[in-house]
Amino acid sequence: MKSKSSTKVSAKWIFIFSTCSFFLGMMFTNKLWVPLESNNQLITLKRRDQEELQITSSDCTTEIKKSRNQDKDVVNEVYKTHEAIQSLDKSISMLQMELSVSRKSHEKMKTNDDSSSSASSIRKKAFMVIGINTAFSSRKRRDSVRQSWMPQGEQLRRLEEEKGIVVRFMIGHSATSNSILDRALDSEEAQHKDFLRLDHVEGYHELSAKTKIFFTTAVAKWDADFYVKVDDDVHVNLGTLAANLARHRSKPRVYIGCMKSGPVLAQKNVKYHEPEYWKFGEEGNKYFRHATGQIYAISKDLASYISINQPLLHKYANEDVSLGAWFIGLEVEHIDDRSMCCGTPPDCEWKAQAGNVCVASFDWSCSGICKSVEKLKFVHEQCGEGEEALWNALL
């Protein structure tokens with residue numbers, strides 16, 4: 001009996017043991033679950049941060065794109081405004097030149113009789129006015145031009161009316177009033193009616209002055225898009241010339257020809273000697289770029305500029321250099337058109353066969369067609385564009 005009572009555990013110890021086990025279990029459970037909960041919270045927080053970052057980055061990207069688009073829009077607007085200002089500037093320039101020309105014409109009209117002035121002051125619209133530079137001694141050259149590339153009689157009048165293409169031999173007068181040379185020219189003019197008479201004393205060393213007077217006279221007589229100067233020993237395809245110029249019709253100030261930069265010749269007694277060579281720098285220097293004198297074209301407002309400012313424009317010994325000098329410092333587009341300086345056959349012939357018809361042909365060695373009186377008709381037969389090209393030219 002005594003031994004059995006000793007093995008029994010009292011109820012008090014059982015309660016204490018159970019309570020301790022409960023608390024130990026609670027502590028153990030807390031240690032396991034707290035990290036798990038904290039880990040879940042961290043993961044949740046990280047996800048939230050990532051989502052917020054994504055939202056923020058997408059918002060930033062959207063804002064950057066919007067900003068870039070706005071920048072592009074601003075740049076486009078600035079560009080458009082710049083173009084509009086340039087266009088307006090060109091329009092104002094053209095209007096100022098036209099106004100000056102109109103004033104000059106009006107002043108001339110006042111100085112003449114009412115009847116004659118009203119007829120002469122009306123400027124006829126034209127696409128291009130071509131002045132063929134000629135001299136008193138060049139009757140045979142003029143006839144060779146008439147028999148080749150220059151229309152005659154009714155065809156010449158039709159060319160003006162239908163195509164707006166005016167072609168005239170330009171010439172001044174002799175130093176002696178009503179000389180035999182002037183009377184011979186009067187007779188030739190009555191026969192062909194293809195001259196533009198200039199208020200200018202003829203002379204080889206006065207070509208720069210003659211060029212100024214030609215443009216001034218032509219601008220006062222015709223309101224043309226282009227004014228062309230060509231020598232009487234050069235072959236010209238009128239239709240090809242018109243088509244080439246038509247491509248530049250929308251441009252305000254263009255100077256078209258075969259651009260070159262030849263040496264400034266300081267030596268005396270040589271052809272093309274430049275008395276003012278010192279103005280072009282050191283000996284051996286070259287001229288600035290300018291169109292060769294055999295043929296070139298300028299747009300309306302450049303011809304008007306020459307007409308308005310002719311008393312101020314300096315004349316160099318060489319006419320083509322003078323023209324180039326007048327445009328330095330102006331907003332002028334120089335267009336180098338190599339079809340305006342082809343060689344004579346076989347050069348222009350090969351180009352025509354290849355479909356590249358030349359505007360003008362001449363021999364560089366002669367500054368024109370060598371022996372043009374005898375050779376011009378042959379050049380026209382080999383390199384001419386054909387009559388249809390002129391009448392079908394789209395202007």
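This structure is a prediction, so every number in the text was calculated from the model and none was measured.
- Checked for salt-bridge contact, Glu206 and Lys315 miss the test: no charged N lies under 4.0 Å from a carboxylate O.
- Looking at Asn309, its side chain does come within 3.5 Å of a backbone N or O of Tyr305 through a donor-acceptor pair.
- One finds no salt bridge joining Lys268 and Glu274 here, because no Lys/Arg side-chain nitrogen approaches an Asp/Glu carboxylate oxygen to under 4.0 Å.
- With hydrogens and angles ignored, the 3.5 Å screen pairs no side-chain donor or acceptor of Lys260 with any backbone N or O of Ala291.
- Taking the six-membered ring where the residue is Trp, His235 and His380 present tilted rings, their angle falling between 30° and 60°.
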As a quick check of understanding, evaluate side chain to side chain contact (heavy atoms under 4.5 Å, CB included) for Ile298 and Phe226, giving each step before the final call.
CA-CA 6 Å; Ile298 61 176; Phe226 295 97; over 6 Å; no
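- Ion pairing between Glu333 and Lys251 holds under the 4.0 Å rule for side-chain N and carboxylate O.
- Using a 4.0 Å cut-off between charged side-chain N and carboxylate O, Asp186 and Arg183 make no salt bridge.
- Between the side chain of Asp337 and the backbone N or O of Ser339, at least one donor-acceptor pair lies under 3.5 Å.
- In this structure, Ile328 places its CD1 atom where more than 12 heavy-atom neighbours from other residues, nucleotides or ligands lie under 6.0 Å away.
- Without hydrogens or angle criteria, Asp182 side chain to Ser174 main chain gives a donor-acceptor distance under 3.5 Å.
- Here the side chain of Lys229 pairs a donor or acceptor atom with the backbone of Gly293 at under 3.5 angstrom.
- The existence of a salt bridge linking Arg158 and Glu162 is confirmed by a sub-4.0 Å separation between a basic side-chain nitrogen and an acidic carboxylate oxygen.
- If you check the gamma sulfurs of Cys383 and Cys348, they are less than 2.5 Å from each other.
- Between Arg338 and Asp336, at least one side-chain N (NZ, or NE/NH1/NH2) sits under 4.0 Å from a carboxylate O, which counts as a salt bridge.
- Asn244 CG to Thr240 OG1: the interatomic distance, rounded to the nearest 0.5 Å, is 7.0 Å.
- One distance of note links CD1 of Ile171 with CG of Leu196; it measures 11.0 Å at 0.5 Å rounding.
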#### Entry: Evaluation steps, side chain to side chain contact (heavy atoms under 4.5 Å, CB included), between Lys210 and Asn133
CA-CA 9 Å; Lys210 186 177 181 179; Asn133 184 39; 2.7 Å; yes
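- By the 4.0 Å N-to-carboxylate-O rule, Glu276 lies close enough to Lys279 to be salt-bridged with it.
- Using a 4.0 Å cut-off between charged side-chain N and carboxylate O, Glu189 and Arg197 make a salt bridge.
- Classification of Arg168 and Asp194 as a salt-bridged pair fails, no side-chain N sitting under 4.0 Å from a carboxylate O.
- For the atom pair CD (Glu385) and CG (Leu238), the distance works out to 6.5 Å, reported to the nearest 0.5 Å.
- Between Trp364 and Phe362, the ring centre distance stays below 6.0 Å.
- A ring-centre distance under 6.0 Å is found for Tyr316 and His314.
- Residue Asn392 qualifies as enclosed at atom CG: its count of foreign heavy atoms under 6.0 Å is above 12.
- Taking the six-membered ring for Trp and thresholds of 30 and 60 degrees, Tyr296 and Phe215 have ring planes inclined between 30 and 60 degrees apart.
- Glu349 CD to Gln382 CD: the interatomic distance, rounded to the nearest 0.5 Å, is 4.5 Å.
- At least one donor-acceptor pair under 3.5 Å links the side chain of Lys163 to the backbone N or O of Trp391.
- Using cut-offs of 30° and 60° for the angle between ring planes, the Phe288 and Phe280 rings count as tilted.
- Checking side-chain atoms of Arg142 against main-chain N and O of Thr134 turns up no donor-acceptor pair under 3.5 Å.
- Of the possible polar contacts, one joining the Thr216 side chain to the Lys212 backbone as a donor-acceptor pair under 3.5 Å is found.
- Classified by interplanar angle (parallel below 30°, tilted 30° to 60°, perpendicular above 60°), the ring pair Phe195/Phe169 is tilted.
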